[in-house]
Amino acid sequence: MIELENVGYSYGGGELLSDVSVTLPPGSFHFLTGPSGSGKTTLLKLCYGALVPTAGRLCAFGKDMRTLDRDQMALLRRRIGVVHQDCQFLDHLKLAENIALPLVVSGRDTATEAGNLDELMQWVGLAARTDALPPELSGGERQRAALARAVIMSPDVVLADEPTGNVDWEMSQRLMQLLVELNRMGKTVLIATHDLGLIRATKSQVQTRVLRISNRRLQHAGADL
Amino acid sequence: MNIGALLLRDKQADRVVPPTGYTAHLTLFVSGAMAFLAVFAMALSLASGRLADRWAEELARSATLRITAPADQRAAQTEAALAILKQTPGVARARALSDEEQAALLAPWFGQDLPLDALPVPRLIEVVAAEPGYDAAGLRLRLAAEVPGAVLDDHTRWRAPLVDAANSLRRLALISILLIAGAMAAMITLAANAALAANAQVIGVLRLVGARDRYIAGAFVRRFTLRALIGAAVGMVLGMVGVMLLPEASDEGGFLTGLGFRGLAWGLPLLIPLLGAIVAFAATWAAARRRLGELS
């Protein structure tokens, strides 16, 4: 699905990531971990094209990211669902409209997808909040809403950046449950988190691989933590 | 890029950009004010153009031959001059003014009771040129030889500066129209940039969920184009009313009256809202593309 070959990323001041090589095969479940500021978010951004690698090659769905123009990048984003730590919504639109936003911008008819939307809202436990505005939502609700928005286009890959960062343990368990379910449905999942307890708790439910960033390099931590 | 499809109202796309309060009103006001000014600039340009044409044509077609000669020779020289004019190709009509007519011409300056006989008033011959006109230089030479007291005045002296003035006025009016369009483009670019900056988060979210640039830009472009169109239409109507209220063209008012539109020209201001919309479209489109280019 997503392949990184000796990818490096430097910004003005220096090198953040170097020589990162990893392949996310279809249906895999990866955790990305490492200390704060080690480049977890940067690596995720590289994966969905928000940043362009300064070295190496990054392929998504068999296409070199560097060769994609802006429209092709937009089409790529429809196949990659992203959940941010501080998920942003369109604050003037109701929750249901926010979750359906990817459908709207890709020109799909939301009326025919209304059933799917209801089901999805049910699945993330927000069925009662469809008419709420995003600023009225709690942290956990926002995270679940972001997850629902990320998967409404039925993407092949779901990237989540600290999806449990702002929520309590119980809610984070619930979110992980949803991500595990997505993985069981065949989605490729990559989650950046610094919460090792969460990784341990998830490992019992699904076969995961752990990638650790340390010293600008990516290590395949495998099963041992 | 299919402009028609882009401008087509897309309710859902329009909703993704939050409604904006005062920038919307500013855009409406600016387009209205600019359209209002454009109507006047257009009226001025058309009127000065008309004036230049009229002066050039009317004054070019008529000339005056003045016979200044001792009283006893005046009639003979007038006859000779008329004979020459009759033979000159390009002269449609030549007619000596009667004493009464000359008295009427002089009356404003000397009063009604002028004893014309007592004064050495030259005889005037009105010459109306045909199409194409006569060769003034050739005529002058011939007159100088045969009618020593004749002076041909083809009004060039008067005409040239007047026509120049009217033409410069028209040029100024056209430049004003261009400046108005430029100022409107600049202001709409500023307004669009402000709107784009204020909605940076919205744009970021849209980009994240896979919206194409065209979709995002379209939502803004539609809005500004529509506002400019409505604003300019209102300004244009007000401007037209203003022009309609100007006094009618009259001889007393000279060139200051008759500034309005004539006939089909009343349709020209209808182009202003259209041009305003095109300017707004281009300005917003460029601003949106520039902004989006900075985003990944």
Side-chain angles (χ1 to χ4, degrees), chain A residues 42 44-53 65-66 68-84 86-94 97-111 113 133-135 145-146 148-155 159 161, chain B residues 1-25 194-224 227 284-296:
Chain A
T42 302
L44 285 190
K45 280 188 173 170
L46 289 169
C47 287
Y48 67 86
L51 294 174
V52 180
M65 287 273 216
R66 231 188 281 261
L68 300 180
D69 64 21
R70 291 180 61 82
D71 277 355
Q72 286 170 320
M73 189 61 85
L75 296 179
L76 179 83
R77 299 258 169 91
R78 296 177 190 176
R79 300 181 66 185
I80 301 179
V82 182
V83 183
H84 278 291
D86 55 334
C87 15
Q88 300 204 310
F89 298 95
L90 303 189
D91 289 343
H92 63 291
L93 293 184
K94 291 174 191 168
E97 288 176 296
N98 262 293
I99 290 176
L101 197 59
L103 297 174
V104 173
V105 302
S106 56
R108 298 248 287 263
D109 184 11
T110 44
E113 310 263 357
L133 292 176
R149 185 180 68 187
V151 300
I152 193 157
M153 292 288 282
S154 189
L159 306 175
D161 187 8
Chain B
M1 182 185 68
N2 186 343
I3 291 175
L6 192 72
L7 281 179
L8 213 68
R9 217 168 154 65
D10 182 342
K11 267 216 178 104
Q12 281 184 318
D14 288 344
R15 272 178 55 71
V16 302
V17 182
T20 37
Y22 76 103
T23 50
H25 298 133
L196 289 161
N199 289 300
Q201 189 200 328
V202 170
I203 294 172
V205 170
L206 289 174
R207 206 48 209 159
L208 181 72
V209 301
R212 276 189 270 197
D213 285 355
R214 191 192 137 89
Y215 182 92
I216 303 171
F220 288 93
V221 167
R222 251 191 314 277
R223 218 170 252 213
F224 278 95
R227 278 176 201 158
T284 321
W285 183 254
R289 289 311 289 234
R290 218 174 19 250
R291 278 270 165 177
L292 285 166
E294 294 163 7
L295 276 172
S296 55

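Below, read A as the first sequence line, B as the second, and so on, with proteins coming before strands; counting in each chain starts at 1.
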*Asks:* With a 4.5 Å heavy-atom cut-off, do B/Ile216 and A/Val105 have their side chains touching?
*Replies:* no
*Asks:* Are any of the side-chain heavy atoms of A/Met73 and B/Arg207 separated by less than 4.5 Å?
*Replies:* yes
*Asks:* On a heavy-atom basis, which atom in B/Asp213 and which in A/Asp71 lie closest, and how many Å separate them?
*Replies:* N-OD1, 4.1 Å
*Asks:* Could you check whether any side-chain N or O of A/Arg70 sits under 3.5 Å from a backbone N or O of B/Leu292, counting only pairs where one atom can act as donor and the other as acceptor?
*Replies:* yes
*Asks:* Identify the heavy atoms of B/Val16 and A/Leu90 that sit nearest to each other, and give their distance.
*Replies:* O-CD1, 3.6 Å
*Asks:* For B/Val205 and A/Arg149, work out which heavy atoms get closest and say how close.
*Replies:* CG1-NH1, 3.5 Å
*Asks:* Do B/Gln201 side-chain atoms and A/Phe89 backbone N/O form a donor-acceptor pair below 3.5 Å?
*Replies:* yes
*Asks:* What closest approach, in Å, do A/His92 and B/Val17 show between heavy atoms, and which atom pair accounts for it?
*Replies:* NE2-C, 3.7 Å
*Asks:* Quick check: does any side chain N or O of A/Arg78 sit under 3.5 Å from a backbone N or O of B/Gly210, one acting as donor and the other as acceptor?
*Replies:* yes
*Asks:* Please name the pair of heavy atoms, one in A/Ala74 and one in B/Arg212, separated by the smallest distance, quoted to 0.1 Å.
*Replies:* CB-CG, 3.6 Å
*Asks:* Would you mind reporting whether B/Leu208 and A/Gln88 have side-chain heavy atoms less than 4.5 Å apart?
*Replies:* no
